[in-house]
Amino acid sequence: MEHRIVGPGPYRATRLWNETVELFRAKMPLRKHRCRFKSYEHCFTAAEAVDWLHELLRCSQNFGPEVTRKQTVQLLKKFLKNHVIEDIKGKWGQEDFEDNRHLYRFPPSSPLKPYPKKPPYQKDVIKFPEWNDPPPGTSQENIPVRPVVMNSEMWYKRHSIAIGEVPACRLVHRRQLTEANVEEIWKSMTLSYLQKILGLDSLEEVLDIKLVNSKFIIHNVYSVSKQGVVILDDKSKELPHWVLSAMKCLANWPNCSDLKQPMYLGFEKDVFKTIADYYGHLKEPLLTFHLFDAFVSVLGLLQKEKVAVEAFQICCLLLPPENRRKLQLLMRMMARICLNKEMPPLCDGFGTRTLMVQTFSRCILCSKDEVDLDELLAARLVTFLMDNYQEILKVPLGLQTSIEERVAHLRRVQFQKSYPEVYQERFPTPESEALLFPEKPKPKPQLLMWALKKPFQPFQRTRSFRM
């Protein structure tokens, strides 16, 4: 069973759905079954379908070994609803599939998901305003002027301009590097880095560039604590105190210093349920509906771990600061619980790591519209986040350095154009330095007297000395 890797790009979830459907139809074993004294050819039981598809998903690099049997059953329910399969009597359209001995078969043709049509995209992400462009709302025709009293001198000046002896004066706009310009630079260069990593001609089909907020990027880079966690300016968007206390309790178990209430048998399960209920009732997933396609596209790079980590770093910079902070605290708690050997089992049916993934995957990544593979994709992403959250939720230093150097360069250019004489004095060029400080002739090395003497020679005996 070979499941080819579906790389990054637009409509990755749809491409994965079609790939899985085609493999399931082509490779699923079919045989003869008996049901109620009647034989049926070319069919399979529900349990056989779950076994085979579960193994396919676990072996696929697009989904990974974290896929559970329950998730496979959920996918087969969607197969039945979308007429990928039908029961032995030809019924379909409802999600009443169960892991049992009920018989199913393939219809003559299974419909594939169509790709949505979008308007053509432009390759340029963002065009930074040119320095020579006048500010909006200004033109040469709308320059305010004072009334001039006509005399002989003014008449002579106007006459000289008219006949071409003196060039006419024109308004020159001096471009300032404003805060809005700096924000546009951060947005443009961040999206350009992401586009380059994903290897796409445009980002238009994986996210709406107009919805990317440059203020979020700058805040996520600079407003952080020593531990790298985002600090919010608006404290009303913080996690509720009771949720934060519960997260600290489980993250530091069994040393719950913030908790004043006595603990009882099963106390840790109730605390975990409190946290899960809060995150489960969020109006929007932490990675936002808008960035769903972008994060799903990055999942196609998981075979190149370093590249995937860098792409996730940039995508997480696009999050609202309150979402990024909640994600950082949640991932830290999940990782500590999984590594804590003193933590009692939080669920009887699942291991701790599987429980973390299944509980929080939907509140981290979810599509606004119904996407048939969003549960599997969310589980795959959360698993990778748990293993690499410390690196992913860091600020990419290479990107930050490049943008800061770009801003500093543009400020120097603006200063040079505004004050060329002062700039030349402060930052002289090699040519101006040569004019100001001509190269002096190098003095010839002095000829020392000891250099003329013969080098020391050892004493040699002669015959006259013995006589």
Side-chain angles (χ1 to χ4, degrees), residues 1-6 11-116 296 299 349-350 354-355 357-359 361-362 365-367 369-381 383:
M1 296 181 293
E2 294 183 359
H3 206 152
R4 67 182 182 87
I5 299 174
V6 178
Y11 321 120
R12 186 172 184 269
T14 303
R15 288 185 286 143
L16 278 171
W17 169 272
N18 292 340
E19 176 79 10
T20 306
V21 168
E22 290 176 348
L23 270 177
F24 185 53
R25 281 187 62 93
K27 303 291 185 180
M28 175 65 200
L30 306 177
R31 62 188 181 90
K32 182 178 178 180
H33 289 82
R34 290 184 61 85
C35 180
R36 295 180 181 179
F37 308 104
K38 189 175 180 180
S39 298
Y40 296 92
E41 300 285 346
H42 307 293
C43 58
F44 51 87
T45 66
E48 291 172 348
V50 175
D51 291 338
W52 191 91
L53 187 58
H54 186 213
E55 185 65 21
L56 173 70
L57 297 175
R58 282 173 51 85
C59 295
S60 171
Q61 296 186 23
N62 294 312
F63 302 105
E66 301 291 337
V67 178
T68 63
R69 191 175 181 88
K70 181 180 178 181
Q71 289 175 327
T72 307
V73 173
Q74 294 297 324
L75 179 57
L76 284 165
K77 287 183 177 182
K78 294 178 180 179
F79 278 1
L80 181 61
K81 181 180 180 181
N82 289 276
H83 204 196
V84 176
I85 59 175
E86 62 185 16
D87 74 357
I88 205 64
K89 297 181 181 180
K91 295 181 180 180
W92 62 278
Q94 296 181 353
E95 295 188 4
D96 54 356
F97 183 95
E98 295 182 4
D99 190 356
N100 53 24
R101 301 293 299 174
H102 195 75
L103 294 180
Y104 291 90
R105 68 188 180 191
F106 291 115
S109 62
S110 295
L112 300 179
K113 295 284 185 180
Y115 297 106
V296 169
L299 285 175
F350 296 101
T354 304
L355 177 65
V357 174
Q358 299 301 318
T359 303
S361 59
R362 293 281 296 175
L365 181 70
C366 181
S367 174
D369 303 321
E370 183 180 357
V371 177
D372 293 315
L373 292 176
D374 58 352
E375 294 179 0
L376 295 176
L377 296 174
R380 179 68 164 154
L381 182 140
T383 301

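It should be emphasised that the depicted structure is a prediction, and the values quoted were computed from it without experimental measurement. Because only heavy atoms are used, hydrogens play no part in the values below, and waters and symmetry mates are left out as well, while side chains stay in.
Judged as a side chain to side chain donor-acceptor pair (under 3.5 Å), and not counting sequence neighbours, the contacts of Asp99 are Arg69. Shown here are the side chain to side chain contact (heavy atoms under 4.5 Å, CB included) partners of Gln71, two or more places apart in sequence or in another chain: Val67, Thr68, Gln358, Leu376, Ala379. Not counting sequence neighbours, the partners of Trp92 by the side chain to side chain donor-acceptor pair (under 3.5 Å) test are His83. Under the ring-ring contact (aromatic ring centres under 6.0 Å, His included) criterion, Tyr104 pairs with Phe97, His102, sequence neighbours left out. Applying the side chain to side chain donor-acceptor pair (under 3.5 Å) rule to Arg31 yields the partners His33, Glu48; only residues at least two apart in sequence or on another chain are considered. The salt bridge (Lys or Arg N to Asp or Glu O under 4.0 Å) search around Arg101 returns none, not counting sequence neighbours. Legend: residues meeting side chain to side chain contact (heavy atoms under 4.5 Å, CB included) with Glu98, ordered by chain and number and at least two apart, are Asn100. For Phe106, the ring-ring contact (aromatic ring centres under 6.0 Å, His included) partners two or more places apart in sequence, or in a different chain, are Phe24, Phe44. Applying the salt bridge (Lys or Arg N to Asp or Glu O under 4.0 Å) criterion to Arg105, with sequence neighbours excluded, gives Glu86. Residues passing the side chain to side chain contact (heavy atoms under 4.5 Å, CB included) test with Thr359, sequence neighbours excluded: Phe272, Ala276, Leu355. Partners of Asp87 under the salt bridge (Lys or Arg N to Asp or Glu O under 4.0 Å) rule, at least two apart in sequence or in another chain, do not exist in this structure.
With contacts defined as side-chain heavy-atom distances shorter than 4.5 Å, the pair Arg362/Asp374 qualifies.
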Residues 34-42, side-chain donor-acceptor partners within the protein, below 3.5 Å, at least two apart:
residue : atom : partner : partner atom : Å
Arg34   : NH1  : Ser39   : OG           : 3.0

